[in-house]
Protein chains: 2
Amino acid sequence: MSPDPVADESAGSASASGESPASGPRRRRVASSTLKRASALGSGRPATIYDVARAAGVSHQTVTRYLNGFEGIRPETRARVKDALRALDYRPNLNARSLNSGRSRRIGALIQEIDQYGPSKVLQGATAAAREAGYVLDVVAQDVSRRTSIMAALDLLSEHDLAGILALSSTDEMTRAFESSRFGVPVVICTEPDDVTSGHPSELTTRGFPGLVRHLADLGHRRFLHIAGPTAWSSARNRARAYEAAVARHGLRSVATLPGDWTARSGFDAVMGVPGELGATAVVAANDQMALGAMLALTRRGLSVPGDVSVTGVDDIPDAAFFSPPLTTLRADFAAQGRAAVAALLAQIDGGESEVDRTWHSELVVRESTGEAP
Amino acid sequence: MSPDPVADESAGSASASGESPASGPRRRRVASSTLKRASALGSGRPATIYDVARAAGVSHQTVTRYLNGFEGIRPETRARVKDALRALDYRPNLNARSLNSGRSRRIGALIQEIDQYGPSKVLQGATAAAREAGYVLDVVAQDVSRRTSIMAALDLLSEHDLAGILALSSTDEMTRAFESSRFGVPVVICTEPDDVTSGHPSELTTRGFPGLVRHLADLGHRRFLHIAGPTAWSSARNRARAYEAAVARHGLRSVATLPGDWTARSGFDAVMGVPGELGATAVVAANDQMALGAMLALTRRGLSVPGDVSVTGVDDIPDAAFFSPPLTTLRADFAAQGRAAVAALLAQIDGGESEVDRTWHSELVVRESTGEAP
DNA sequence: CACCTAAATGTTGCCGACAACATAAGGGGC
DNA sequence: GCCCCTTATGTTGTCGGCAACATTTAGGTG
């Protein structure tokens with residue numbers, strides 16, 4: 001009835017049982033007919049080193065040597081191989097290579113809440129970094145709605161012989177799954193720098209939240225409200241800790257820390273759920289979405305932003321600059337997090353050196369959602 | 001200086017040159033020492049069918065037969081194999097399998113603007129569908145900032161012997177790259193159902209936009225403004241066409257179609273850039289982000305939403321319900337698009353039948369950004 | 001009980017790449 | 001000119017799984 005949602009264009013004569021439509025032990029060829037394969041451009045299956053060798057009139061090992069940059073090949077031979085490679089459009093089969101070498105060029109990536117801005121940006125950074133190193137990411141997204149367990153995802157990944165595994169979300173669930181499983185490959189859990197994991201105060205604790213709170217304090221705010229992320233996320237816990245420490249350091253008062261789940265709805269519900277007077281003139285949300293929901297709720301409660309209450313977020317998602325009013329927030333660089341995680345993993349894979357110390361910067365972006373305290 | 005952003009926990013004794021630290025033709029074992037490998041749980045490399053066969057006292061082929069569900073195995077033998085499989089925690093090496101069979105369980109996925117809600121949701125749906133079928137997605141994200149060409153990404157993917165390739169964004173650039181390349185595997189371009197590709201009016205043209213425009217017309221609006229997505233995107237073109245057709249059908253007037261790029265900023269700029277009076281009482285944006293930017297711009301121009309101007313979006317991103325004011329929009333189901341694309345690809349891979357006709361529904365969600373025309 | 005067939009299991013070879021070993025040309029030294 | 005030794009290149013075997021073919025064992029039948 002409805003139009004096919006997918007515009008497909010099958011390419012090449014490849015698949016779907018080549019010539020003999022009847023029987024079909026797949027492409028199992030008959031004895032020596034193997035030599036009849038792809039000779040010209042674009043025909044049939046991709047060329048192998050054997051095809052190239054035959055075309056160049058050398059042995060397959062000479063081709064391998066050429067590909068591996070071996071010096072001792074006569075210029076004349078070298079030229080023949082080179083020509084054959086290009087003529088047949090040779091692409092190495094990484095599958096076969098890793099079967100032999102035991103090392104693949106693939107990284108498994110587990111990710112949760114991929115539809116959120118943060119995680120998807122982390123993924124973007126990770127794929128970019130991986131690609132630059134000649135790797136691809138095998139991505140498995142945890143669907144929130146169907147919690148089939150991370151273990152099942154890991155099982156799926158474990159068969160694909162990967163060079164390493166990346167956890168792109170740092171939740172307790174994820175951490176637990178990674179602890180209980182044993183992989184034969186390096187593993188990295190990507191997370192915001194946080195106080196507990198690193199053992200010393202993170203940038204968010206030393207500069208990010210202090211700067212944010214000072215900004216609000218300078219505007220005359222004295223009583224604060226925090227809307228936290230889900231406690232299962234290490235970044236949520238860290239942000240809450242950083243917030244509380246910053247408020248305490250300035251000798252100010254935190255009225256409450258309300259639980260949220262990163263969504264705008266939870267920010268909205270949190271504020272709507274406060275009984276009686278709000279009791280605070282500044283709402284510090286752990287991310288921009290919750291700040292968005294909080295602003296709407298404040299409006300609903302008859303409070304104006306920033307007239308009566310100032311609101312801040314964390315992340316600086318692209319939309320934040322266009323909220324009504326535009327949101328004051330702490331900018332985070334998620335793509336860099338993803339890149340760093342991949343770099344750390346590659347370091348483990350290749351060398352064993354884990355030298356990847358990255359400088360983290362959260363930057364306070366002041367917009368119109370914060371103003372003088374009433 | 002700053003704490004290491006990545007909490008890593010290397011697992012297993014695997015990597016890093018096992019025993020002999022000196023020389024090292026990798027794990028190339030010495031003659032028959034191959035038999036000395038992993039015997040107990042958790043030791044060394046993953047078990048192969050040969051390990052299992054030895055443990056069960058049968059030939060490797062019997063193990064294969066068991067794994068493939070072959071009936072003719074004596075119950076007693078069957079039990080021994082089963083026990084050995086579990087004892088060694090056997091996992092098939094899909095790499096080796098696909099080297100032999102020529103078919104892998106991996107799908108290449110190319111995606112652009114993954115940090116946008118739509119594409120990331122499509123990816124979520126796609127990975128979920130792939131996972132259910134026992135596949136994983138090899139994701140390569142096109143980074144907008146570094147347009148290193150899709151071709152390079154395809155080259156990278158082409159070496160990883162994939163069962164098929166998915167384009168999760170439908171842009172001209174992507175389409176062109178797919179047309180000029182020849183793959184030996186099925187290819188599917190995931191796109192919104194649109195008029196041109198499908199050859200007949202899409203749901204968006206027959207119901208989505210007509211419903212939206214009628215809603216606005218019923219509120220008394222007569223003059224409309226469209227903020228379109230980037231013309232390189234087929235969905236942007238289709239939405240613009242659907243909008244114009246709907247306005248025309250109701251005998252109303254479209255003042256202009258302004259170009260945007262999906263971002264809130266572009267929506268903001270589009271509205272700010274209109275010289276003189278706005279000339280319209282309803283702004284129909286091609287997505288929610290641009291609608292968000294448009295609303296802020298209208299406020300900046302001294303117009304109230306929805307008092308003076310009504311604004312609508314498309315997509316119904318989770319945040320849309322919490323914009324100020326909450327946004328009237330056409331809901332789209334991106335995850336379903338991703339699932340459908342995978343289903344179509346799998347159909348091509350497995351059967352050749354492309355029976356995947358999915359019912360597309362855009363649903364009008366009325367919120368507070370639309371109201372009576374002034 | 002010999003004999004034949006079907007069922008159950010074992011053996012060999014291949015996918016594509018690479019590594020170790022093996023061999024065929026070239027260039028001195030005497 | 002003989003021998004050795006360095007190049008340049010060819011041959012064999014391996015990774016883990018599967019398919020074709022080979023072989024053994026069990027189950028009937030005359």
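Heavy-atom basis, side chains included; hydrogens, waters and symmetry copies ignored. Reminder, nothing fancy here: chain letters follow the sequence lines and each chain counts from 1.
- Atom CG of Leu67(A) and atom P of dA19(C) are 12 Å apart (whole Å).
- When side chains are defined from C-beta on, Ile189(A) does not count as touching Met174(A), because their heavy atoms never get closer than 4.5 Å.
- Judged by distance alone, with hydrogens and angles left aside, His60(B) brings a side-chain donor or acceptor within reach of the base of dT12(C), the pair sitting under 3.5 Å.
- The CD-P distance, from Glu159(B) to dG16(C), rounds to 15 Å in whole Å.
- Regarding Arg103(B), its CZ atom lies at a distance of 16 Å from the P atom of dC18(D), rounded to whole Å.
- For the pair Asp161(B) CG and dC15(C) P, the computed distance is 15 Å after rounding to whole Å.
- Tyr50(B) contributes no side-chain N or O that forms a donor-acceptor pair with the base of dG16(D) under 3.5 Å.
- Ser169(B) places a side-chain N or O within donor-acceptor distance of the main-chain N or O of Gln112(B), the cut-off being under 3.5 Å.
- At its two ends the helix from dC1(C)-dG30(D) to dC30(C)-dG1(D) runs along axes set 70° apart, each axis drawn from five pairs and the angle rounded to 10°.
- Residue Thr62(A) places at least one side-chain N or O under 4.0 Å from the OP1 or OP2 atom of dG10(D).
- Mapping Pro92(B) and Arg74(B) onto DNA chain D via the closest heavy atom, the residue that lands nearer the 5' end is Pro92(B).
- Put simply, Thr64(A) has a side-chain N or O that comes within less than 4.0 Å of OP1 or OP2 on dC18(C).
- Residues satisfying the side-chain contact (heavy atoms from CB on, under 4.5 Å) test with Ser104(A), not counting sequence neighbours, are Ser98(A), Arg106(A), Asp161(A), Ala163(A).
- In this structure, Tyr90(A) reaches the sugar-phosphate backbone alone: every heavy-atom distance under 4.0 Å involves primed, P, OP1 or OP2 atoms, never a base.
- For the OP1/OP2 pair of dT9(C) and a distance below 4.0 Å, the side-chain nitrogens and oxygens of Thr77(B) include at least one atom meeting the criterion.
- Contact between the side-chain N/O atoms of Arg97(A) and the OP1/OP2 oxygens of dG16(C) is not found at any separation under 4.0 Å.
- The backbone N or O of Arg103(A) sits less than 3.5 Å from a side-chain atom of Ser101(A), completing a donor-acceptor pair.
- Listed nucleotides dT9(D), dG10(C), dA19(C) differ in distance to Ile73(A); the shortest reach to its side chain belongs to dT9(D).
- Using a 4.0 Å cut-off between charged side-chain N and carboxylate O, Arg80(B) and Asp83(B) make no salt bridge.
- Each of Glu71(B) and Gln61(A) was assigned the nucleotide of DNA chain C with the nearest heavy atom; the assignment lying further toward the 5' end belongs to Glu71(B).
- Between the CZ atom of Arg105(A) and the C1' atom of dA17(C) there is a distance of 15 Å, rounded to whole Å.
- Closest to the side chain of Val58(A), from the set dA19(D), dG10(D), dG16(C), is dG10(D).
- Ile111(B) pairs with exactly one of Val139(B), Leu166(B), Val140(B) by the side-chain contact (heavy atoms from CB on, under 4.5 Å) rule, that one being Val139(B).
- One atom, CZ of Phe70(A), and another, P of dA8(D), lie 7 Å apart when rounded to the nearest Å.
- Side-chain atoms of Arg91(A) stay outside donor-acceptor range of the base of dG16(C), with no qualifying N/O pair under 3.5 Å.
- When the P atom of dG13(D) is taken as reference, atom CG of Asn100(A) falls 15 Å away, rounded to whole Å.
- Within the 4.5 Å cutoff, no side-chain heavy atoms of Val81(A) are placed close to those of Arg78(A).
- Of the candidates dG17(D), dT11(C), dA19(D), the closest approach to any side-chain atom of Asn68(B) belongs to dA19(D).
- Within 4.0 Å of Leu94(B), counting heavy atoms only, lies no atom of the nucleic acid at all.
- Remark: P of dA26(D) and CD of Glu76(B) are 12 Å apart, rounded to the nearest angstrom.
- Inter-residue side-chain proximity for Val63(B) and Tyr50(B) is flagged as unmet; no heavy-atom pair is nearer than 4.5 Å.
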